[in-house]
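First the structure, in the form of structure tokens, and then the observations on it.
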Amino acid sequence: MNREEISKLLPHREPMLLVDEVHTEAGECVSRYEVKGDEFFLQGHFPGHPVVPGVVLCEMMGQGAVLLLRDRLDGRTLPMFVGMENVRFKQPVHPGDVVECRSKLLSTRANIVFVQSKATVNGHLCCSAKLSVALIKAE
């Protein structure tokens, strides 16, 4: 899927849409985002040495993870983070890097979905976490 197709499923819009492309592979959702360097979250983080904030890496993983559930996203459902466990940051991400997020469904309990996600750049682990997402009906 490309950005246009992704924006039909995710409620995120610029500047918060952090997935450029996505596909499934061996039961995992694989999403990618190229850090261009002009993103709002790099302004001031850090001057002369821009680094993608950890919370933004978690958001990238979360948006990719939600696309695992595309059959449950009907345009009236909002995916909302309700938890992040065992978050680990291993390597900084800089402009020009392509972040690849791999997400695997762990379990579902009612409208809460639990996903294991890992973000890498060039095969090197940058961030990992267990994410919890609630699927909420939008009003």
Side-chain angles (χ1 to χ4, degrees):
M1 272 194 248
N2 60 32
R3 257 177 109 75
E4 184 178 325
E5 294 166 313
I6 292 164
S7 67
K8 291 177 183 172
L9 295 173
L10 290 180
H12 306 80
R13 295 295 176 262
E14 295 298 335
M16 283 304 297
L17 181 58
L18 300 173
V19 179
D20 292 328
E21 61 182 81
V22 67
H23 69 275
T24 53
E25 181 179 294
E28 291 182 323
C29 187
V30 182
S31 60
R32 289 186 183 87
Y33 179 79
E34 180 182 354
V35 181
K36 293 150 200 75
D38 61 352
E39 289 89 351
F40 75 93
F41 50 80
L42 292 174
Q43 298 172 18
H45 196 269
F46 300 99
H49 186 71
V51 175
V52 175
V55 68
V56 173
L57 286 174
C58 290
E59 181 68 24
M60 286 178 194
M61 291 189 312
Q63 288 182 24
V66 166
L67 291 166
L68 271 171
L69 314 167
R70 58 182 143 238
D71 60 326
R72 295 177 65 183
L73 301 174
D74 58 10
R76 296 182 316 261
T77 303
L78 288 175
M80 305 287 285
F81 277 123
V82 293
M84 291 185 272
E85 297 177 34
N86 301 319
V87 179
R88 299 290 181 261
F89 303 104
K90 300 293 187 177
Q91 168 179 311
V93 175
H94 304 283
D97 287 343
V98 175
V99 180
E100 180 177 276
C101 299
R102 291 183 168 268
S103 302
K104 183 177 181 179
L105 183 65
L106 297 174
S107 63
T108 302
R109 194 173 316 136
N111 69 324
I112 308 289
V113 180
F114 302 92
V115 176
Q116 182 64 46
S117 190
K118 294 180 181 181
T120 61
V121 171
N122 294 324
H124 299 283
L125 183 64
C126 301
C127 184
S128 62
K130 179 181 176 185
L131 307 174
S132 305
V133 179
L135 299 176
I136 308 294
K137 289 295 179 189
E139 295 180 20

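Sorted by first and then second residue, the pairs that involve residues 113-128 and meet side-chain hydrogen bond (donor to acceptor under 3.5 Å, both in side chains), not counting sequence neighbours, are Ser103-Ser117. Each side-chain hydrogen bond (donor to acceptor under 3.5 Å, both in side chains) pair with one or both residues in residues 33-49, not counting sequence neighbours, appears once here: Tyr33-Glu39.
Within a 6.0 Å radius of CZ in Arg109, other residues, nucleotides and ligands contribute 12 heavy atoms or fewer. Within 6.0 Å of CD in Glu4 there are 12 or fewer heavy atoms belonging to other residues, nucleotides or ligands.
Considering CG of Leu78 and CG of Leu135, their distance stands at 9.5 Å, rounded to 0.5 Å. In this structure, the separation between CG on Leu57 and NZ on Lys90 is 13.5 Å, given to the nearest 0.5 Å. Taking CG from Leu10 and CZ from Arg3, the interatomic distance works out to 10.0 Å, rounded to the nearest 0.5 Å.
Considering every non-hydrogen atom in both Cys101 and Ala119, the closest pair reads SG-CB, 4.0 Å. What you find for Asp97 and Pro92 is that their closest heavy atoms are OD2-O, 4.3 Å. Between Leu68 and Leu105, the shortest heavy-atom contact is CD1-N, 3.6 Å. Nearest heavy-atom pair across Ser31 and Val19 is CB-CG1, 3.9 Å. Nearest heavy atoms, Val115 versus Leu106: C-CD1, 3.9 Å.
Taken together through direct or relayed side-chain contacts under 4.5 Å among Ile, Leu, Val, Met, Phe, Trp and Tyr, Val113 and Phe81 form part of one hydrophobic cluster. Transitive grouping of hydrophobic side chains (ILVMFWY, heavy atoms separated by less than 4.5 Å) keeps Ile136 and Ile112 in distinct clusters. Neither Val30 nor Met61 shares a network with the other; the hydrophobic side chains, linked directly or stepwise wherever heavy atoms of I, L, V, M, F, W or Y lie under 4.5 Å apart, form separate groups for each. Grouping the Ile, Leu, Val, Met, Phe, Trp and Tyr side chains by contacts below 4.5 angstrom, directly or via other members, places Val56 apart from Leu125. Clustering ILVMFWY residues whenever any of their side-chain heavy atoms sit less than 4.5 angstrom apart, transitively, puts Val133 in the very cluster that holds Met84.
Here the side chain of Arg70 pairs no donor or acceptor atom with the backbone of Ile6 at under 3.5 angstrom. Remark: side-chain polar atoms of Gln63 are paired, donor with acceptor, to backbone N or O of Leu18 under 3.5 angstrom. In this structure, Glu5 contributes its side chain and Val22 its backbone to no donor-acceptor pair below 3.5 Å.
A 4.5 Å side-chain heavy-atom check between Met1 and Lys8 finds every atom pair outside the cut-off. Annotation: side chain of His94 is not in contact with side chain of Val35 (no heavy-atom distance under 4.5 Å). The side-chain heavy atoms of Leu131 and Phe114, taken from C-beta on, include no pair separated by under 4.5 Å. Within the 4.5 Å cutoff, the side chain of Phe89 has heavy atoms near those of the Cys58 side chain. Put simply, the side chain of Cys126 does not reach to within 4.5 Å of the side chain of Val99, judged on heavy atoms. Phe40 has its side chain within reach of Met16: a pair of non-hydrogen atoms, C-beta onward, lies under 4.5 Å apart. At least one side-chain heavy atom of Arg72 sits less than 4.5 Å from a side-chain heavy atom of Thr108.
Under a 4.0 Å N-O distance rule, the pair Arg32/Glu100 qualifies as a salt bridge.
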| task | Let me see the working for Arg13 and Ser7 under side-chain contact (heavy atoms from CB on, under 4.5 Å), right down to the final yes or no. | result | CA-CA 7 Å; Arg13 295 295 176 262; Ser7 67; 3.7 Å; yes
| query | Are Glu25 and His23 close enough, and set up right, to give a side chain to side chain donor-acceptor pair (under 3.5 Å), and what steps lead you there? | reply | CA-CA 7 Å; Glu25 181 179 294; His23 69 275; 3.1 Å; yes
